[in-house]
K.L.:
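Let me begin by handing over the structure; questions about it come next.
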Amino acid sequence: MVSSTTIQTLLADRTLPAAMRAIAEKVAAGERISSAEGLLLFEEGELGFLGVLANTIRERRHGDHTYFNRNFHIEPTNVCLYTCTFCSYSRLIKQRSDGWEYSLDDILDIVKSYDGQPVTEVHIVGGVLPQYDVPFYESLFQAIKAHRPDLHIKALTPVEYHYIFKKAKISYEEGMARMLAAGLDSMPGGGAEIFHPEIRDQIAGGKCSGEQWLRIHEIWHELGGRSNATMLYGHIENFSHRMDHLEKLRELQDKTGGFQTFIPLKFRNQGNQLSHVPESTVIEDLRNYAISRIYLDNFDHIKAYWPMIGREIAQLSLAYGVNDIDGTIDDTTKIYSMAGSEEQTPALSTEELVKLIRAVGRQAIERDTLYGVIQDYSDAVFADDKQFQGYFSLPVV
Ligand code: V47
Ligand code: SF4
């Protein structure tokens with residue numbers, strides 16, 4: 001455990017404002033906070049206070065366990081017919097001369113290049129183009145399963161699904177059932193951005209709406225599938241838009257229970273149409289993780305995507321509600337390097353990732369996509385193991 005400051009310590013502080021005290025009492029009792037309280041945390045919650053609450057919940061649920069997954073990403077194309085202003089893939093930004101468009105065989109060759117490697121999941125997501133339609137993805141999923149049946153296919157978002165089902169003139173229900181039959185195992189969390197139309201229309205106009213994103217996940221959950229959810233924050237939205245987004249996710253999760261993980265995605269401002277918008281501070285990133293952990297009481301996991309935020313903030317996030325760090329990722333992950341992430345070579349070996357987790361006093365657990373434990377690295381010894389540097393305390397408010 002990394003926290004020496006407990007909620008009881010916070011409650012003993014007579015200067016704690018009454019509204020914050022009420023929230024802390026709810027968290028101590030394992031009760032749900034309201035959306036108004038969530039908004040108050042966004043507006044007024046101090047980092048140290050939020051950290052104690054979020055870390056309490058994190059340790060109550062997971063102790064020191066910090067999950068990672070050995071996966072690889074395939075991006076079929078880096079051009080897209082949509083023009084999301086935050087995205088470096090948009091045709092407005094990326095000219096086709098420096099773009100790629102993989103064929104089914106190209107994608108299969110990438111899958112085959114991982115033969116013999118202990119990866120458990122392929123994460124497929126990229127731009128939206130007309131040639132990538134329902135029959136294309138059906139054939140792709142079938143071909144991957146024929147080649148490597150045990151590889152979990154986590155693929156596409158409601159942005160692609162909405163587009164391809166509409167083009168094929170089939171319902172979401174029929175479309176998702178066909179994807180399931182073809183071999184789709186789960187859905188990643190992308191394409192959620194900010195659900196509220198006031199913001200979505202400005203940054204992601206033309207692609208599926210917030211309601212459509214939620215509906216496609218709901219249908220997938222009803223088919224027995226699991227999925228993730230994201231929120232792209234730190235651009236032109238305000239706290240009430242973030243709260244609205246979290247509220248809609250919590251409501252759907254109450255209904256279906258199909259979400260596994262929530263992944264806050266920090267907006268990165270290079271190489272896109274929002275380059276003039278300053279990026280959020282580290283303090284805001286940690287506050288956002290913590291509030292997500294506190295508010296989303298029906299989500300099992302909160303994930304930090306380290307290629308986007310960097311290794312140090314990922315380590316810090318483990319004290320602010322996060323219990324999952326995405327993957328031993330290879331160099332095919334290009335979205336964030338194009339958008340300005342400092343992780344220009346976003347690859348870590350399993351050993352590096354385990355050491356990164358251990359260095360902040362947590363326990364590294366390799367998982368599969370559905371959080372089945374593959375290996376607990378608590379006792380693993382590496383050749384150049386440094387003295388354990390862990391254990392630090394959260395700031396006392
Ligand atoms: O939907 C695009 C985001 C998402 C930028 O489910 C940007 O396990 C920041 O969803 N700055 C795709 N973010 C990635 C994604 C994801 C990643 C890792 C794991 C999982 C999972 C899902 O990336 C897009 C969009 O919201 N994005 N451009 C940018 N400039
Ligand atoms: Fe296309 Fe997705 Fe980028 Fe929007 S965020 S331009 S839909 S790749």
Side-chain angles (χ1 to χ4, degrees), residues 67-69 71-73 75-94 99 121-129 132 152-164 185-195 199-200 203-208 210 213 217 226-237 245 259-275 277 279-280 285 299 301-309 314 324-327 329 332-343 346 367-371:
Y67 295 96
F68 70 94
N69 184 20
N71 66 2
F72 61 102
H73 289 227
E75 289 156 15
T77 177
N78 69 338
V79 277
C80 182
L81 53 81
Y82 292 118
T83 53
C84 303
T85 55
F86 56 83
C87 178
S88 322
Y89 271 30
S90 158
R91 253 184 206 166
L92 285 182
I93 300 291
K94 204 100 185 98
E121 172 191 289
V122 56
H123 179 158
I124 304 173
V125 73
V128 178
L129 288 179
Y132 298 125
H152 182 108
I153 302 177
K154 183 172 86 179
L156 314 188
T157 72
V159 176
E160 288 99 332
Y161 289 127
H162 168 78
Y163 174 81
I164 66 176
D185 290 302
S186 69
M187 252 206 283
E193 326 311 0
I194 289 285
F195 294 142
I199 299 301
R200 196 173 186 84
I203 63 166
K207 71 183 191 187
C208 74
W213 188 99
H217 278 265
R226 307 302 302 271
S227 64
N228 293 337
T230 58
M231 173 174 74
L232 179 71
Y233 71 93
H235 41 90
I236 60 165
E237 90 289 0
H245 192 95
F259 288 119
Q260 302 203 105
T261 311
F262 177 65
I263 312 150
L265 295 172
K266 173 195 177 87
F267 164 66
R268 306 306 309 248
N269 70 3
Q270 285 180 34
N272 54 50
Q273 297 170 68
L274 291 182
S275 299
V277 176
E279 291 180 358
S280 55
D285 297 334
F299 275 65
H301 307 283
I302 306 289
K303 187 198 279 190
Y305 189 51
W306 66 258
M308 181 176 60
I309 53 171
D324 190 319
I325 301 193
D326 197 343
I329 300 166
T332 54
T333 304
K334 298 189 183 75
I335 288 186
Y336 296 108
S337 46
M338 291 197 310
S341 162
E342 54 270 32
E343 301 286 345
R367 62 166 176 88
D368 61 22
T369 311
L370 302 176
Y371 287 83

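Numbering of ligands and ligand atoms starts at 1, following listing order. Predicted, not measured: the structure shown is a model, and the values here were computed from it.
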K.L.:
Does any N or O of ligand 1 fall below 3.5 Å from an N or O anywhere on P188, backbone included?
P.N.:
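Among all N and O atoms of P188, none is under 3.5 Å from an N or O of ligand 1.
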K.L.:
For this output row, return yes or no: ring centroids of F259 and H217 closer than 6.0 angstrom.
P.N.:
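When the ring centroids of F259 and H217 are compared, they turn out to be within the sub-6.0 Å range.
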K.L.:
Check this for me - ligand 1, G191, N or O atoms closer than 3.5 angstrom, yes or no?
P.N.:
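G191 vs ligand 1: N/O contact under 3.5 Å present.
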K.L.:
Heavy-atom contact under 4.0 Å between H123 and ligand 1?
P.N.:
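Per 4.0 Å heavy-atom rule, H123 contacts ligand 1.
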K.L.:
Which of the atoms of ligand 1 are close to L232, meaning less than 4.0 Å from one of its heavy atoms?
P.N.:
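Result: 7 (C), 9 (C), 13 (N).
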K.L.:
Which part of Y305 is near ligand 1, with near meaning a heavy atom under 4.0 Å away: side chain, backbone, both or neither?
P.N.:
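Only the side chain of Y305 comes within reach of ligand 1.
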K.L.:
Is any N, O or S atom of C80 under 2.8 Å away from atom 4 (Fe) of ligand 2?
P.N.:
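No.
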K.L.:
With heavy-atom distances below 4.0 Å as the criterion, list the atoms of ligand 1 near N228.
P.N.:
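In order of numbering, the contacting atoms are 6 (O), 8 (O), 21 (C).
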K.L.:
Between C84 and atom 3 (Fe) of ligand 2, is there a contact where an N/O/S atom of the residue lies under 2.8 Å from the metal?
P.N.:
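Checking C84: none of its N, O or S atoms is under 2.8 Å.
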K.L.:
Nearest 0.5 Å, please: how far is CG in N71 from CD1 in I124?
P.N.:
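Output value for this atom pair is 11.5 Å.
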K.L.:
Counting N and O atoms only, with roles assigned by atom type, does the side chain of D324 sit under 3.5 Å from a partner on the main chain of H301, one being a donor and the other an acceptor?
P.N.:
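No; zero donor-acceptor contacts below 3.5 Å.
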K.L.:
What atoms in ligand 1 come closer than 4.0 Å to a heavy atom of N272?
P.N.:
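Listed by number with element: 30 (N).
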K.L.:
Which of the numbered atoms in ligand 2 are under 4.0 angstrom from any heavy atom belonging to C87?
P.N.:
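The atoms of ligand 2 under 4.0 Å from a heavy atom of C87 are 3 (Fe), 5 (S), 6 (S), 8 (S).
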K.L.:
Provide the number and element of each atom of ligand 2 under 4.0 Å from a heavy atom of Y82.
P.N.:
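So the atoms of ligand 2 that pass are 6 (S), 7 (S).
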K.L.:
With sequence neighbours excluded, tell me which residues meet side-chain contact (heavy atoms from CB on, under 4.5 Å) with T85.
P.N.:
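Result, side-chain contact (heavy atoms from CB on, under 4.5 Å) vs T85: I203, Q273, L274.
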K.L.:
As an exercise, identify every atom of ligand 1 less than 4.0 angstrom from a heavy atom of G190.
P.N.:
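Counting atoms of ligand 1 from 1, those under 4.0 Å from G190 are 1 (O), 10 (O).
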K.L.:
Could you list the atoms of ligand 2 found under 4.0 angstrom from a heavy atom of F86?
P.N.:
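The list of qualifying atoms is 5 (S).
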K.L.:
I'd like to know if the side chain of E279 reaches the main chain of K266, judged simply by a donor and an acceptor atom lying under 3.5 Å from each other, with no hydrogens or angles considered.
P.N.:
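No.
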K.L.:
Any sub-3.5 Å donor-acceptor pair from R268's side-chain atoms to I309's backbone N or O?
P.N.:
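Not a single qualifying donor-acceptor pair exists.
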K.L.:
Under 4.0 Å from a heavy atom of K266: give me the atoms of ligand 1 that qualify, with their elements.
P.N.:
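Checking each atom against K266, I get 9 (C), 11 (N).
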K.L.:
Verify, without hydrogens or angle tests, whether H235 (side chain) and F267 (backbone) share a donor-acceptor contact under 3.5 angstrom.
P.N.:
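Not a single qualifying donor-acceptor pair exists.
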K.L.:
Could you check whether D285 and S280, counting side-chain N and O atoms only, form a donor-acceptor pair closer than 3.5 Å?
P.N.:
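On atom types as modelled, these side chains qualify, holding a pair under 3.5 Å.
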K.L.:
Any nitrogen or oxygen of E193, side chain or backbone, less than 3.5 Å from one on ligand 1?
P.N.:
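There is such a contact, yes.
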K.L.:
Counting each atom of ligand 1 from 1 as listed, which ones have a heavy atom of F267 under 4.0 Å away?
P.N.:
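That gives atoms 9 (C), 11 (N) of ligand 1.
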K.L.:
Do ligand 1 and H73 have nitrogen or oxygen atoms that lie under 3.5 Å from each other?
P.N.:
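Among all N and O atoms of H73, none is under 3.5 Å from an N or O of ligand 1.
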K.L.:
Given 3.5 Å as the limit, does a donor-acceptor pair link the side chain of T157 with the main chain of G191, or not?
P.N.:
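No; zero donor-acceptor contacts below 3.5 Å.
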K.L.:
For D368, is there any backbone N or O sitting under 3.5 Å from a side-chain donor or acceptor partner on Y67?
P.N.:
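Side chain of Y67 to backbone of D368: no pair is present.
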K.L.:
Measure from atom 15 (C) of ligand 1 to every heavy atom in I263, N69, L265 and give the option owning the shortest one.
P.N.:
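Heavy atom nearest to atom 15 (C) of ligand 1 belongs to L265.
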K.L.:
Tell me whether A192 has any N or O atom under 3.5 angstrom from an N or O of ligand 1.
P.N.:
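By distance alone, the answer is no.
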K.L.:
Heavy-atom contacts with K303 under 4.0 Å: which atoms of ligand 1 show up? List them by number with element.
P.N.:
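Numbered from 1, ligand 1 contributes 8 (O), 21 (C).
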K.L.:
Using only atom types and a distance under 3.5 Å, with no angle test, would you say the side chain of N272 pairs donor to acceptor with the backbone of F86?
P.N.:
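Indeed, once roles are kept as given, a pair shorter than 3.5 Å links the two residues.
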K.L.:
Side chain of W306, backbone of I325: donor and acceptor closer than 3.5 Å?
P.N.:
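Judged by distance alone, no pair lies under 3.5 Å.
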K.L.:
For Y371 and T261, test the side chains for any donor-to-acceptor distance below 3.5 angstrom and give the result as yes or no.
P.N.:
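Yes.
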K.L.:
Record the part of V125 in heavy-atom contact with ligand 1 below 4.0 Å; permitted values are side chain, backbone, both and neither.
P.N.:
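Near ligand 1, V125 shows nothing, with every heavy atom at 4.0 Å or more.
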K.L.:
What about the rings of H123 and F72, do their centers lie closer together than 6.0 Å?
P.N.:
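Ring-ring flag for H123/F72: false, centres at least 6.0 Å apart.
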K.L.:
Could you check whether any heavy atom of Q270 sits closer than 4.0 Å to an atom of ligand 1, since that is the contact criterion I want to use?
P.N.:
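The answer is no, since Q270 has no heavy atom less than 4.0 Å from ligand 1.
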K.L.:
Would you mind running through ligand 1 and noting each atom that sits below 4.0 Å from a heavy atom of T230?
P.N.:
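Those qualifying, in numeric order: 10 (O).
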